[in-house]
Number of protein chains: 2
Amino acid sequence: MFRDFSPQELAFVSSFKIAEMPAEPGMLIMVEGEQNPSLYTVLTGWGFRYKILEDGRRQILNYVLPGDMIGLQGNVMAEMQHSVEALTRMTLCTFERERFPSLFRNHPSLAFDITWMASREESMLDEHLLSIGRRSAQERAAYLLAFLDWRAKGTMNERKSGVQLPLTQQHVADTLGLSLVHTNKTLRKLADQGLVRWLDRGCAVMEPEGLYRVAGWRPPNEGKRPFI
Amino acid sequence: MFRDFSPQELAFVSSFKIAEMPAEPGMLIMVEGEQNPSLYTVLTGWGFRYKILEDGRRQILNYVLPGDMIGLQGNVMAEMQHSVEALTRMTLCTFERERFPSLFRNHPSLAFDITWMASREESMLDEHLLSIGRRSAQERAAYLLAFLDWRAKGTMNERKSGVQLPLTQQHVADTLGLSLVHTNKTLRKLADQGLVRWLDRGCAVMEPEGLYRVAGWRPPNEGKRPFI
DNA sequence: CGGGCCGTTGATCCATTTCAAACATAGTGG
DNA sequence: CCACTATGTTTGAAATGGATCAACGGCCCG
């Protein structure tokens, strides 16, 4: 599921990587407004990107899973425009931003991969925007869970649904732009239809096809993707 | 407001550019689901990117203005995940996608610019997502108009507000994720406060600071940006 | 003069929010 | 072992922001 690299590329990526870092659930990996000299690749675990308004209203923008880069979003060299928090225990691989120019100069194919990843993130944001702007609560919830289940599958070797998504309903609410109460009622309906099952702090997708139908959405097929 | 290029870069960009193309208002520049061998830089005029659901519900994702690239979003080499329509008469500069690898190989600084632009687009989408997900109708409308006014200023030499934004209220509604009727009432209130003025098929921002206050948002300062 | 597109307004309806409260579970300290 | 607290889920009732329905007026253009 990930593309192969040449020995040169691997050597460079290894030298690029300066440290491996663990993160505990709830830990802030990046903070809006701060300038972070490094950026990360997710090796294991889940996290999410979000923004908050002054009065505390929070919007989750997207989730980060193994293989994703953190900190690529929002001017590669400037201060962060959003925060990133760990959802589960994570392990991250650290890179220094200042080595970016060298990467672009010496490894065009890796540079291309980075652009590819940025562009993939954009596609996801586009779909989220469509979802929040124009889909009903039911459709939104179905879309989100199907989307996350699909992404979860994409990080595992045996690609099957039903893995537990490590979220609380508060996370779902803040992703969908709905209130916690209404989110609960909406999820309840999906669970009553047997499409998902809500567990302790998490949910498992039982019938992805059913969710696709409700949401009016299908996962795109991406082919192999880079892993830096 | 745009960064300077070296003679080599200029020469390459010129060779990269294969044609200049005009577009009339309402014309589709890219269509969701199609594979377009070229992509464009906007030289003049306004357009917008959008997605539609099967039943016709439309969500405008973002606007494209002079200096922006069209078609960069969504896997650089695959089929489009959204459509792009001209809002005013536009002139576009055409590039062939297949020349991307060569650009990345021979002009790292231009490759970096492309990543920079993708990352800038992402920042905008993040803010839109926050807006649609968590801001009230008033706040959203104020944000959108302030945002567009700011972007319009960024394409002109004398940077002042009050230029006419070439939109209908239907466009605003489809951007904000609101109904046309409610959008009208919301815009009316902003106009009654003297913050904006609604003209024939467009609107002019009278008091950007007032909009910033209502929206709880300030435009970021970007410094110089690339123009490819 | 007629038709189409766009903006405007009032009335009604409903999806979602807000308020309020209860329950379940896990962790903590006495 | 049991109160005690914190976090997360669930439910009902009331309030409301925004959607929908319906209609009108202005303007441009053929």
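Below, each value reflects all heavy atoms present in this structure, side chains not excepted, and no hydrogens, waters or symmetry copies.
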task: Specify the residue among A:R134 and A:W198 whose closest nucleotide of DNA chain D lies further upstream toward the 5′ end.
output: A:W198
task: Using heavy atoms to find the nearest nucleotide of DNA chain D for A:R201 and A:R188 separately, return the residue whose nucleotide is more 5′.
output: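 It is A:R201, whose closest nucleotide lies nearer the 5' terminus.
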Rounded to the Å, how far apart are [X] [atom1] and [N] [atom2]?
X	N	atom1	atom2	answer
B:L187	C:dT8	CG	P	8 Å
B:L199	D:dC27	CG	C1'	15 Å
B:Q169	D:dC27	CD	P	15 Å
A:D192	D:dT9	CG	P	16 Å
B:H182	C:dA15	NE2	C1'	13 Å
A:R135	C:dT16	CZ	P	14 Å
B:L178	D:dT20	CG	C1'	14 Å
A:R197	D:dT10	CZ	P	14 Å

Distance-only polar pair, side chains of B:S161 and B:K153, donor-acceptor under 3.5 Å: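 The answer is yes; a qualifying pair exists.
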message: Could you tell me if A:Y63 and A:T175 have a donor-acceptor pair between their side chains, going purely by distance under 3.5 Å?
response: yes
task: Could you check B:K185 against B:L180 and say which one's nearest nucleotide on DNA chain C is further toward the 5' end?
output: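 Taking each residue's closest nucleotide, the earlier one in sequence belongs to B:L180.
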B:R49 with B:E121: basic N within carboxylate O range, under 4.0 Å: yes
message: For A:Y50 together with A:H82, are the ring centres under 6.0 Å from each other?
response: no
message: Side chain of B:A137 only, heavy atoms from C-beta on: which candidate in D:dT11, C:dT16, D:dG18 is closest?
response: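 Closest nucleotide to the B:A137 side chain: D:dG18.
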- prompt: Within the structure shown, what part of the strands sits under 4.0 Å from A:T168 by heavy-atom distance: base, sugar-phosphate, or nothing?
  reply: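 A:T168: backbone/sugar contact only, no base atoms under 4.0 Å.
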query: NA contact type, A:G26, heavy-atom cut-off 4.0 Å: base, sugar-phosphate, or nothing?
result: nothing
- prompt: Given C:dT8, is OP1 or OP2 found less than 4.0 Å from the side-chain N or O atoms of B:N184?
  reply: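 Result: yes.
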query: Centre of A:Y212's six-membered ring, under 6.0 Å away, within 45 degrees of the axis: is that where NZ or CZ of A:R218 sits?
result: no
